[in-house]
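Reading through the structure tokens given below for one structure.
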Amino acid sequence: ITPDLIVEQSKATGYRYRLLSKFIELKYGIKISENTIKAVLKRRKVRKKKIRSYNGNVRHLYDYEHLYPFTELQMDTKHILDKTSLPRDVYEYIQGSNLPVLEWNVIDAATRTRFTAYSYKLSAEYGFSFIMFVLLWLRTHNVKRHIHIQLDNGSEFCNGSKKKEEEWNEIFSMLNAHISAIPAGAKQQQALVENSHRKDDQYFFSIHPKRCSTIDSFMRKAQQWQDTWNTARPSYGICMNGLTPYEKFKRKNLFISEHIFNFPVFLMESFIKRNGSAMQWLHRYLGLNFYVKGGKYVYTTCQSSYQC
């Protein structure tokens, strides 16, 4: 049974020796050495899936070895009720219990540290506010270098509009940061955050939502999962070598505050109701103006009246 299990899980997950050994132990409670897994995959001729460039060379997304923490980030939203990743009873429980249905994630390419929020709806107001809050959090904890956030073309961001992207970047430039959208159909460029979504399904959403009867209990579990990811769960990605994000961060010997790992997981609706949106912060403290068009906030350099 064990060789069949190894082959089945390798094909399903794409994992190889080290990561597959840990995955099987966590999921099934079966300890299998890396050498055993290597021998089984070699005997069964299970090849590693590789994404290559046109000339056949393997090309990584970043120069991970020299990447400075919290300067290259990937951002995405996960539709928890996508009906493709979780058991049916989990989907039904989440819907029936009125738990959040969207997860917002930013992941640091250098350390794999994650910053998370949840919501019930998808909107550019939420996308803009989440980006702004993450940037302010990083700056508050002494991240001084330029920050780049890569995202897709979803409606919660710039929806493929270069004009909107330029307008957002005009504001983010005040924090020495910018965003950029990946080309259409180039999901592989978001591999880090997409892979983290799969881990969410395997280790969090498939187990913990059914143990939560209220939104408060769900958010507590979500905070515990983010803390586990950032400080206790080893990563076997490129240049991680089984370190947790926190351990990888500490090995860099930076002047960035380690309290950066205390990021609070929050519900968008509650956060904005209590603190206002990022558009309101910018208007209140910097005098930047927005106007409402078709129910959406649009940045404008004109000194028109502010609406909310």
Side-chain angles (χ1 to χ4, degrees), residues 14-19 22 34 48-76 105-116 130-152 157 165 168-169 172-183 186-199 226-263:
Y15 296 162
R16 300 302 284 179
Y17 325 125
R18 182 178 300 171
L19 189 55
K22 189 68 175 178
E34 294 178 30
K48 182 179 180 180
K49 297 178 181 179
K50 295 182 179 180
I51 298 176
R52 296 182 179 273
S53 61
Y54 182 79
N55 61 11
N57 296 326
V58 176
R59 181 176 297 170
H60 297 310
L61 294 172
Y62 306 98
D63 180 7
Y64 291 97
E65 186 175 351
H66 302 102
L67 195 58
Y68 194 87
F70 307 112
T71 59
E72 286 289 344
L73 309 172
Q74 292 184 9
M75 180 176 180
D76 195 18
N105 272 308
V106 169
I107 186 169
D108 171 44
T111 65
R112 308 308 198 272
T113 305
R114 286 190 11 173
F115 308 107
T116 313
F130 187 55
I131 293 172
M132 183 61 73
F133 184 75
V134 170
L135 290 176
L136 290 171
W137 182 266
L138 296 178
R139 294 304 185 210
T140 299
H141 292 86
N142 210 36
V143 177
K144 295 184 176 180
R145 297 196 180 190
H146 184 82
I147 299 171
H148 169 232
I149 300 179
Q150 178 176 278
L151 36 78
D152 62 22
F157 303 126
E165 184 177 318
W168 282 25
N169 277 328
F172 296 143
S173 67
M174 294 186 292
L175 292 170
N176 191 23
H178 82 283
I179 61 170
S180 66
I182 61 173
K187 269 292 188 182
Q188 70 276 6
Q189 295 186 19
Q190 290 284 78
L192 296 180
V193 70
E194 292 290 346
N195 286 339
S196 75
H197 290 334
R198 285 193 284 272
K199 303 298 191 303
Q226 178 184 269
D227 295 343
T228 298
W229 177 285
N230 286 339
T231 63
R233 186 182 182 279
S235 173
Y236 297 98
I238 301 170
C239 286
M240 289 299 292
N241 302 314
L243 299 175
T244 67
Y246 178 74
E247 291 170 336
K248 182 73 172 182
F249 165 80
K250 292 296 286 184
R251 289 198 177 189
K252 293 287 187 177
N253 294 318
L254 306 172
F255 290 103
I256 299 172
S257 172
E258 65 181 33
H259 294 298
I260 200 169
F261 287 88
N262 294 335
F263 186 87

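Residues Lys187 and Glu194 come closest through the heavy atom pair NZ-OE2, 2.9 Å. Between Ile179 and Asn169 the shortest heavy-atom distance is N-OD1, 2.7 Å. Between Lys252 and Leu67, the closest heavy-atom pair is NZ-O, 3.6 Å. The minimum heavy-atom distance linking Trp168 with Phe157 is given by the pair CH2-O, 3.6 Å. The heavy-atom pair separating Arg112 from Ser235 by the smallest distance is CG-OG, 4.0 Å. When all heavy atoms are compared, the tightest approach of Ile256 to Pro69 is CD1-O, 4.4 Å.
By the 30° and 60° cut-offs, the orientation of the rings of His148 relative to His178 is parallel. Using cut-offs of 30° and 60° on the angle between ring planes, the pair Tyr64 and Tyr62 is perpendicular.
Residues Thr244 and Thr231 fail the side-chain proximity criterion, which asks for heavy atoms closer than 4.5 Å. A heavy-atom distance below 4.5 Å is found between the side chains of Met75 and Phe130. Using a 4.5 Å heavy-atom cutoff, the side chains of Phe133 and Phe115 are not in contact. In this structure, Trp229 and Thr116 have side chains that are not in contact, with every pair of non-hydrogen atoms separated by 4.5 Å or more. Looking at heavy atoms from C-beta onward, Glu247 lies out of side-chain contact with Pro234 at the 4.5 angstrom threshold. Using a 4.5 Å heavy-atom threshold, the side chains of Val143 and Trp137 count as separate. The closest side-chain heavy-atom distance from Phe263 to Val134 is below 4.5 Å.
Distance alone, capped at 3.5 Å, is enough to place a donor-acceptor pair between the Asn142 side chain and the Phe255 backbone. Listed for the Lys248 side chain is a donor-acceptor partner under 3.5 Å among the backbone atoms of Cys239. No donor-acceptor pair under 3.5 Å is formed between the side chain of Gln189 and the backbone N or O of Gln150. Without hydrogens or angle criteria, Glu72 side chain to Ala109 main chain gives no donor-acceptor distance under 3.5 Å. Judged purely by atom type and a 3.5 angstrom limit, Asn230 uses its side chain to pair as donor or acceptor with the backbone of Arg114. Of the possible polar contacts, one joining the Gln74 side chain to the Val193 backbone as a donor-acceptor pair under 3.5 Å is found.
The environment of His259 atom NE2 is sparse: at most 12 non-hydrogen atoms of other residues, nucleotides or ligands sit within 6.0 angstrom.
Of the residues Leu151, Asn105, Asp152, the one that meets the side chain to side chain contact (heavy atoms under 4.5 Å, CB included) test with Asp76 is Asp152.
In this structure, Arg18 forms no cation-pi arrangement with Tyr236, as its terminal cationic atom is not both closer than 6.0 Å to the ring centre and no more than 45° off the ring axis.
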